[in-house]
Structures are given as structure tokens and as C-alpha cells.
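Worth saying up front: this structure is predicted, and the values here are computed from it rather than measured. Start at 1 and go down the list; that is how both ligands and their atoms are numbered.
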Amino acid sequence: MKCKKCGTKASVNMRQHKLALCKEHYLEWVPEQAERFIKKYDMFSHGDRILVAVSGGKDSLSLWDILVRLGYQADGLYIGLGIVGGFGYSSESHRLAAKFADERRLTLHVLDVEAEYGQPIPVMSDISHRGQGKPCAVCGLTKRHVMNRIARDRGYDVLATGHNLDDEAAVLFGNTLRWSGEFLLRQGPVLPEVSGMARKVKPLCRFYEREMTAYALLRGLEYIYEECPFAEGSTSIYYKEALNRLENDRPGTKLTFYLRFLEARQQGLFAQQADARQGLHLCTNCGQPTSAPGLCSFCRMMYKVHGEIEIP
Ligand code: Q46
Ligand code: ZN
Ligand code: ZN
């Protein structure tokens, strides 16, 4: 395979785009594409302050790298979940996120869940009995709460996460299997700002996971290869594998699935549901939007964990 731009040996062959590129042109192509998506979906502009949620993995570090290369004002947020696993998942991912920031003199905010809320994620999960023996429900809820809170308290305009196409297609697949109208309506590259919550964007949502792996490797980024030990056996991995089988036989399936969904939604497929973020009110304890009356799910969980509330 030859690079389409210069004719030298290609490093990355993207069957889904019928495009092969050498290292140099691939490392130019990715940020160009990202910029195109940022503009197309009106995610943010150069005047905005962006907070990137960084896990130490390839996607979030690549996202941060790309945004900085494109000249955006992007700071990072690392959330210490207190997940030990066999190799110290949280401490290793924290080390790599901090190293990335230090080497580039970027600002990384760090919030340690145990220091801030009294218990690490796995213990919170045990106490609150949420999520059938896996800490992922508590983890997701806590991460969302913390990201919203830091973005709001530190005055960021936008919160950016590193979800790639494989992540988004797997979520879409799950939501479609259940026809979860409300979730389908909320899934997209941009969730607009509502009072108490910054705009949320996913600039990598049109990049295949393997495209991000190739970017991180060719760019020489040091990231955590291992998944969180609790990811094993998850439904989302199961959906990803199923979609990969379709993709293998018919390159481009995942992208078409996701893009056609966005088009259908734009054309009003779920219009009668209006804006899913409307009808929310503010949690009486922390002030973040919630659909439940009174306390939001996070504050109710903290009440179970501590038997009292007044948590920021
Ligand atoms: S970090 Fe948290 Fe994931 Fe680990 S505990 Fe589950 S949700 S698997 S993205
Ligand atoms: Zn080339
Ligand atoms: Zn709350």
C-alpha cells in the first residue's frame, strides 16, 4: 500500500475510507479531520476554554494532544477513581496523565474521589448497592458529576471527552436494541449547555478506535494499554465485538450506522420528545440538573454511602 498523498509506503490503511497514508501524512490528516468535525458540529471556537476529561488512555490523551496542536485552550481533568486491580490501574493512569501534562506544560486538574467524597469507587459501589456487583454504574455517575462540577466551578465553556466511533456506535447499538427514546435523543457529538452544566462535546466521535490507536502510537504518546479491570465482560465490549464482526465483513458499517442515526435525528425522527435536557430541574443539594424530584442520583447515592448529605 502506498500513501495517497506522497506515494511512499503507507503506515495506516483505512479500508473504511478507502485511504492509506504514511506516518507523516496520517499525523496531519487526523487533526485536520478533527478540526472539520469540530466546525461541522459547532463544538467550540478558539475563544472557548475547554476542559478535557483525561483517563490516561489513548483516546483522551490523543484528544488533548490534537486540541493543543490545533491551538485550542485546553486543560485536562483527571479523576482518581481508586481502582487498584492487578497493576494499579488508577495510579498508573494518573502517572501517565500527569506525565503528558508536565512534558507539555499543560494544566491538569486532579480530583481524587476518595479524598473528596470519603471512599474510592469500588467501596462506594459496595455500600450503595448500585449496579449488580460491578462498580461501573457508580463510577459513571460519579465521573459525570465531577466533570460537570469542575467545569462549572472553574468556569470552563466546554467539557470534551475522548469517546471514539466504536464507543458511540456501541452505545447507539444498545440504545437501539432497547429503543431507548430518551437516550437516543441525547446521544450526539454535542449536548448543549443547560444551567448548571457545561456544553459537552465528543470531537473524536467519527474516528474509529483503531484510527486513534494508530494516532497515539505514531505520535509516540505514552498511554495506559490495559483497560480498567472492571471493563472485562461488559455489555459495551460485547456490542463492540458484534459491531467489529459486521465491520470486518463490510468496512464502513459502524460509521454509516452512526452517521445515518445523526441524520435521522436531525430530520426529526425523535422530534416529539423535544429537548431531553428540558424538563430537568436543579438538585436541591448540589445544584446540578436532574430529572428526579429533589436530590439528583449522585446525591442520593452519597446519602446512602454516608447517611448524610451536603456534598459539593
Ligand atoms: S473505569 Fe469505571 Fe469504566 Fe472501570 S469501573 Fe467501570 S466505568 S470499567 S469506563
Ligand atoms: Zn505520505
Ligand atoms: Zn445533587
task: For this output row, return yes or no: ring centroids of Tyr78 and His109 closer than 6.0 angstrom.
output: no
field: Distance flag, aromatic centroids of Tyr303 and Phe298, threshold under 6.0 Å
entry: no
query: Taking both backbone and side chain into account, is any N, O or S atom of His145 nearer than 2.8 Å to the Zn ion (ligand 3)?
result: no
query: Quick one: angle Cys283 SG - the Zn ion (ligand 3) - Cys286 SG, to the nearest 10°?
result: 110°
- prompt: Going through the checks in order, is the ring-ring contact (aromatic ring centres under 6.0 Å, His included) test met by Tyr223 and Phe100?
  reply: CA-CA 9 Å; Tyr223 63 90; Phe100 179 95; over 10 Å; no
field: Taking atom 9 (S) of ligand 1 as the reference point, the nearest protein heavy atom with its distance
entry: Lys143 NZ, 3.5 Å
- request: Looking only at protein heavy atoms, identify the closest one to atom 6 (Fe) of ligand 1 and say how far it is in Å.
  value: Cys136 SG, 2.3 Å
[atom1]/[X]: more than 12 non-hydrogen atoms of other groups inside 6.0 Å:
| X | atom1 | value |
| --- | --- | --- |
| Lys240 | NZ | yes |
| Glu103 | CD | yes |
| Arg178 | CZ | yes |

Would you mind running through ligand 1 and noting each atom that sits below 4.0 Å from a heavy atom of [X]?
| X | result |
| --- | --- |
| Ala231 | 8 (S) |
| Cys228 | 1 (S), 4 (Fe), 5 (S), 8 (S) |
| Cys139 | 1 (S), 2 (Fe), 5 (S), 7 (S) |

Mode of Ile121 contact toward ligand 1 - side chain, backbone, both, neither (heavy atoms, under 4.0 Å): neither
query: Under 30°, 30 to 60°, or over 60°: which ring-plane class applies to Phe37 and Tyr41, parallel, tilted or perpendicular?
result: tilted
message: Between Gln33 and Glu211, does the side-chain hydrogen bond (donor to acceptor under 3.5 Å, both in side chains) criterion hold? Intermediate values first, please.
response: CA-CA 12 Å; Gln33 291 294 103; Glu211 292 169 7; over 6 Å; no
message: With a 4.0 Å cut-off on heavy atoms, is Glu227 in contact with ligand 1?
response: no
task: Can you tell me, to 10 degrees, how wide the angle at the Zn ion (ligand 2) is between SG on Cys6 and ND1 on His25?
output: 110°
message: Suppose you place the vertex at the Zn ion (ligand 2); what is the angle out to Cys3 SG and Cys22 SG, to 10°?
response: 110°
